[in-house]
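Only this structure's heavy atoms are used, side chains among them; waters, hydrogens and symmetry mates stay out. Naming convention: chains lettered A, B, ... in sequence-line order (proteins, then strands); numbering from 1 in each chain.
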There are 2 protein chains.
Amino acid sequence: MADSAKPVSRREGRKEAAVAADETQAVQLGELSDLLGYVLKRAQLKVFEDFLHCVAPLQLTPAQFSVLLLLDANPGRNQTEIANTLGILRPNFVSLLDSLESRDLCTRVRSANDRRSHILMLTEKGHAVLARAKKLVVSKHEARLNELLGPDGREALLAMLTKIAEEF
Amino acid sequence: MADSAKPVSRREGRKEAAVAADETQAVQLGELSDLLGYVLKRAQLKVFEDFLHCVAPLQLTPAQFSVLLLLDANPGRNQTEIANTLGILRPNFVSLLDSLESRDLCTRVRSANDRRSHILMLTEKGHAVLARAKKLVVSKHEARLNELLGPDGREALLAMLTKIAEEF
DNA sequence: CCGTGTTTGATATAGTGGATAACAATTATC
DNA sequence: GATAATTGTTATCCACTATATCAAACACGG
């Protein structure tokens, strides 16, 4: 999100005329601040933005990180299984994998059982990058969330979001 | 999200061979289920999907609904102010407004003070549609969230998300 | 009043994510 | 062995996001 897209809190530098009191009056959010979907999306953008910033030295997006995590936890799976688990459509998963493979973070190996499918595995470098990424995520990203919400707050939030994601 | 994109819970109809026990073993989410950003995004998609479904009779997207809400709460504002408040870039706000205006839900009026800017206002039809949309959102969408989380759970969730959106 | 700079809405354009159709290769099924 | 289904892939489309640029209108200092 560009600077000019930052919401609400942007005090436009113009019109110093409205000296003390008025200050051009901020736009009222009104019932929008009670719309869960609205706040949810706003929070999600903020969290992704921070994730990107924290993992910037490793050049990993949230989606790429989630793929590496899944490959680590599920060796020997094919593209369809990993893509489905992440809610990514197979066609769109191809270029994502291309990118990871071109950076030598994972490899596609033709399966011996079913020569149609590609078995996915992390490379050595993939394991190393994932390990460093995890450290950054825990020590910087999630740590900041813990600081803001408290450990129990974070747990409660995670539980409610999981409930929505699974049961809603 | 298409059917084929539905995460995890998709038991592929193939291979009845794995009769009772094995069942091809589900892919393990692993540490992904503790990643707040991941669950946050998943929950957000679910909530938007439900919103879209609940307001389908009025053909309003979350973004369009939020614009109508803001125009109602802030009559007499121009495009830049409304767009900034919603975190929408001015260029992208133009077509959004075009769509609403072509449906006679709002109007652009040249300001008398500053003939560069367009004052935005809801039309009569806009007010009516917004009123009906609000009813649908409250009675169907938010009601379902209340049912899932409980009134206090929903409040707590809203509070934490707002905190993230504003202070993170 | 004039000229410089800024703001507003708008256009064009590019990048990204998500979605569908179709295809060759391979496998499953009957 | 013929037909159907699956896997990875390509092409393509749509929505959303982002940047640069423009004309019109305004602000302001000289």
Margin query: By the 4.0 Å heavy-atom rule, please label N113(B) as base, sugar-phosphate, or nothing.
Written below: sugar-phosphate
Just how far, in rounded Å, is [atom2] of [N] from [atom1] of [X]?
{"X": "L86(B)", "N": "dC16(D)", "atom1": "CG", "atom2": "P", "answer": "13 Å"}
{"X": "L45(B)", "N": "dG17(C)", "atom1": "CG", "atom2": "C1'", "answer": "11 Å"}
{"X": "Q79(A)", "N": "dT6(D)", "atom1": "CD", "atom2": "P", "answer": "17 Å"}
{"X": "D114(B)", "N": "dA27(D)", "atom1": "CG", "atom2": "P", "answer": "6 Å"}
{"X": "F93(A)", "N": "dT7(D)", "atom1": "CZ", "atom2": "C1'", "answer": "13 Å"}
{"X": "I88(B)", "N": "dT19(D)", "atom1": "CD1", "atom2": "C1'", "answer": "17 Å"}
{"X": "L97(B)", "N": "dG9(C)", "atom1": "CG", "atom2": "P", "answer": "9 Å"}
{"X": "I119(A)", "N": "dT6(D)", "atom1": "CD1", "atom2": "C1'", "answer": "14 Å"}

Note to self: For F93(B) versus I82(B), what's the shortest heavy-atom pair and its separation?
What the structure shows: CZ-CG2, 3.6 Å
Notebook entry, point to check: How close do F48(B) and K41(A) get, heavy atom to heavy atom, and via which atoms?
Noted result: CZ-CD, 3.7 Å
Notebook entry, point to check: Quick one: on DNA chain C, does A63(A) or H118(B) contact a more 5' nucleotide (nearest heavy atom)?
Noted result: H118(B)
Next item on the list: Please determine, for the side chain of S117(B), which listed nucleotide (dG18(C), dA12(C), dT8(C)) has the closest atom?
Entry: dT8(C)
Checklist line | Closest to side chain of R116(B), choosing from dA24(D), dA19(C), dG8(D) | finding: dA24(D)
Notebook entry, point to check: Would you say E167(A) has more than 12 foreign heavy atoms packed within less than 6.0 Å of its CD?
Noted result: yes
Note to self: If you assign N92(A) and R110(A) each to the DNA chain D nucleotide with the nearest heavy atom, which residue ends up on the more 5' nucleotide?
What the structure shows: R110(A)
Check: Going from CG on L157(A) to CG on L36(B), what distance comes out if it is rounded to the nearest 0.5 angstrom?
Finding: 5.0 Å
Give a yes/no on whether any side-chain N or O of [X] is located under 4.0 angstrom from OP1 or OP2 of [N].
{"X": "T80(A)", "N": "dG8(D)", "value": "yes"}
{"X": "K41(B)", "N": "dG17(C)", "value": "no"}
{"X": "R108(B)", "N": "dA10(C)", "value": "yes"}

Next item on the list: May I ask you to verify whether the side chain of R115(A) and the base of dT26(C) hold a donor-acceptor pair under 3.5 Å?
Entry: no
Margin query: Under a 3.5 Å distance rule, please check whether T123(B) uses its side chain to pair with a backbone N or O of G126(B) as donor and acceptor.
Written below: yes
